[in-house]
Amino acid sequence: MYPSLEGKVVVITGAASGLGKSMAERFGAEKAKVVINYFTEEQEVKGIIETIEKAGGSASAIQGDVTKEEDVKRMIAHAIKTFGSLDVMINNAGIENEVPSEELTLDDWNKVISTNLTGQFIGCREAIDYMLENKIKGSIINMSSVHQEIPWPHFVHYAASKGGVKLMTETLALEFAPYGIRVNCIAPGAIDTPINAEKFADPELKTGVIELIPMGYIGKPEEIAACAVWLASTEASYVTGMTLYADGGMTQYPGFQAGKG
Ligand code: NAI
């Protein structure tokens, strides 16, 4: 547990599902005040708020689309109005779809880039603007992916967006380090969330993914939430511009395991 998170105001985008939901619940367990941004999954929100409140945290939900500037501004204004501040911004919302690159439409490209990269930029900019103005030494966490590093055929738009998240994170970390604002990203490997539901429902595809993970299992959302609370806490006070890989070893060239190569 991280006592420094008690009472901190945390905004999480895409928090009604998967990693966002798990992070919201974990911050709740740390007794933080959590703003749950949801996009379409309104029916999930009540249960998440109940879980957070039962654990001793506070929560409030707001609908919004991270690709729309006015929606992201509304999310942050909601945090300030409801809980009085903003200490931690987690740009988590993301999408992917599989298409061979020669068939990828500009529409699909733009959708993924505007959600995964531009949406995260708007979240960073708005949070940093507020933190600067109010002299808050806040923490910003961007949800990247092992595909900020590992090329991914049929997901060129996704890989490009996450590569962008990496350098955006590093650049903002450098720019705002003098003000004590830390900007980091988490790069999960394969985690059991709805984004992967279709793939993991197919035993052959699931086995294929597990073969790429030296630790031999698909990660659990709570294992990513554990990274987020650490990064947001004062335990990580000297950490900025970093990517925290949480991937069971996926980025360690699994093809070379057990003396191969
Ligand atoms: P998910 O599909 O369960 O959650 C994504 C959430 O983002 C959903 O609640 C969705 O409604 C929301 N969202 C989508 N477009 C939005 C928009 N325009 N505005 C606001 N919210 C929007 O998937 P998951 O796994 O929880 O993904 C969360 C993040 O983690 C994404 O950025 C994803 O790229 C990243 N990630 C996930 C991995 C995994 O294996 N699950 C691996 C690496 C990265």
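Numbering of ligands and ligand atoms starts at 1, following listing order. Residue numbers count from 1 along this sequence.
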Requested in this report: Identify, for atom 8 (C) of ligand 1, the protein heavy atom at the shortest distance, and state residue, atom and that distance.
Outcome: Glu41 OE2, 3.3 Å
Query raised in the report: Among Val209, Val146, Ile195, Val66, which one has a heavy atom closest to atom 27 (O) of ligand 1?
Result: Ile195
Query raised in the report: Less than 3.5 Å between some nitrogen or oxygen of Gly20 and one of ligand 1, yes or no?
Result: no
Query raised in the report: So is Asn196 polar-close to ligand 1, meaning N/O to N/O under 3.5 Å?
Result: yes
Query raised in the report: Does the side chain of Tyr38 pick up a donor-acceptor pair with the side chain of Gln43 at under 3.5 Å?
Result: no
Query raised in the report: Taking all atoms of both residues into account, what is the closest heavy-atom pair of Asn97 and His157, and its distance?
Result: OD1-NE2, 2.7 Å
Query raised in the report: Is the closest N or O pair between Gln120 and ligand 1 shorter than 3.5 Å?
Result: no
Report summary line: heavy-atom search around atom 44 (C) of ligand 1 in the protein gives Ser144 O, 3.1 Å
Report task. Considering only non-hydrogen protein atoms, determine which one is nearest to atom 12 (C) of ligand 1 and report residue, atom name and distance to 0.1 Å. Result -> Gly14 CA, 3.9 Å
Query raised in the report: Looking at Ile141, Asn184, Ile186, which one forms a side-chain contact (heavy atoms from CB on, under 4.5 Å) with Cys227?
Result: Ile186
Query raised in the report: Is the shortest distance from a heavy atom of Asp65 to ligand 1 less than 4.0 Å?
Result: yes
Query raised in the report: When you check the gap from the basic side-chain N to the acidic O, do Glu50 and Lys46 get nearer than 4.0 Å?
Result: yes
**Report entry** Joint cluster assignment, Met23 & Ile218, ILVMFWY side-chain distance < 4.5 Å
**Finding:** no
Query raised in the report: Given Ala190, Gly189, Ser145, which one has a non-hydrogen atom that is nearest to atom 38 (C) of ligand 1?
Result: Gly189
Query raised in the report: Does some non-hydrogen atom of Lys162 fall short of 4.0 Å from ligand 1?
Result: yes
Report task. Output yes when the distance from some N or O of ligand 1 to some N or O of Tyr158 is under 3.5 Å, and no in every other case. Result -> yes
Report task. For Asn37 and ligand 1, answer yes if some heavy atom of the residue is under 4.0 Å from a ligand atom, otherwise no. Result -> yes
Requested in this report: Just need the protein heavy atom nearest to atom 14 (C) of ligand 1, so name the residue and atom and give the distance.
Outcome: Ile95 CG2, 3.6 Å
Query raised in the report: So, for Ile48 and Ala16, which heavy atoms are closest and what is the spacing to 0.1 Å?
Result: CD1-CA, 3.7 Å
Query raised in the report: Would you say Gly64 contacts ligand 1, with heavy atoms under 4.0 Å as the rule?
Result: yes
Query raised in the report: Where is the nearest protein heavy atom to atom 5 (C) of ligand 1: which residue, which atom, and how far?
Result: Gly94 O, 3.7 Å
Report task. Could you name the option among Gly119, Ser22, Pro188 that has the heavy atom nearest to atom 43 (C) of ligand 1? Result -> Pro188
Query raised in the report: Among Ser161, Ala187, Ser17, whose heavy atom sits nearest atom 4 (O) of ligand 1?
Result: Ser17
Query raised in the report: What is the closest protein heavy atom to atom 25 (O) of ligand 1, and at what distance does it sit?
Result: Thr193 OG1, 2.5 Å
Report task. Provide the number and element of each atom of ligand 1 under 4.0 Å from a heavy atom of Ala93. Result -> 7 (O), 13 (N), 20 (C), 21 (N), 22 (C), 32 (O)
**Report entry** Residue, atom name and distance, where the atom is the protein heavy atom closest to atom 26 (O) of ligand 1
**Finding:** Leu19 N, 2.8 Å
Report task. For Gln120 and Met143, indicate whether the former's side chain and the latter's backbone hold a donor-acceptor pair under 3.5 Å. Result -> yes
Report task. For the pair Arg74 and Glu70, find out whether any cationic side-chain nitrogen is under 4.0 Å from an anionic carboxylate oxygen. Result -> no
Query raised in the report: Tell me: protein heavy atom nearest atom 31 (C) of ligand 1, and distance?
Result: Asn92 O, 3.2 Å
Report task. Give the cluster check for Leu172 versus Met89: same hydrophobic cluster or not, with ILVMFWY residues linked at side-chain heavy-atom distances below 4.5 Å. Result -> yes
Requested in this report: Rounded to the nearest 0.5 Å, what's the gap from CG on Asp65 to OG1 on Thr40? Could you check?
Outcome: 10.0 Å
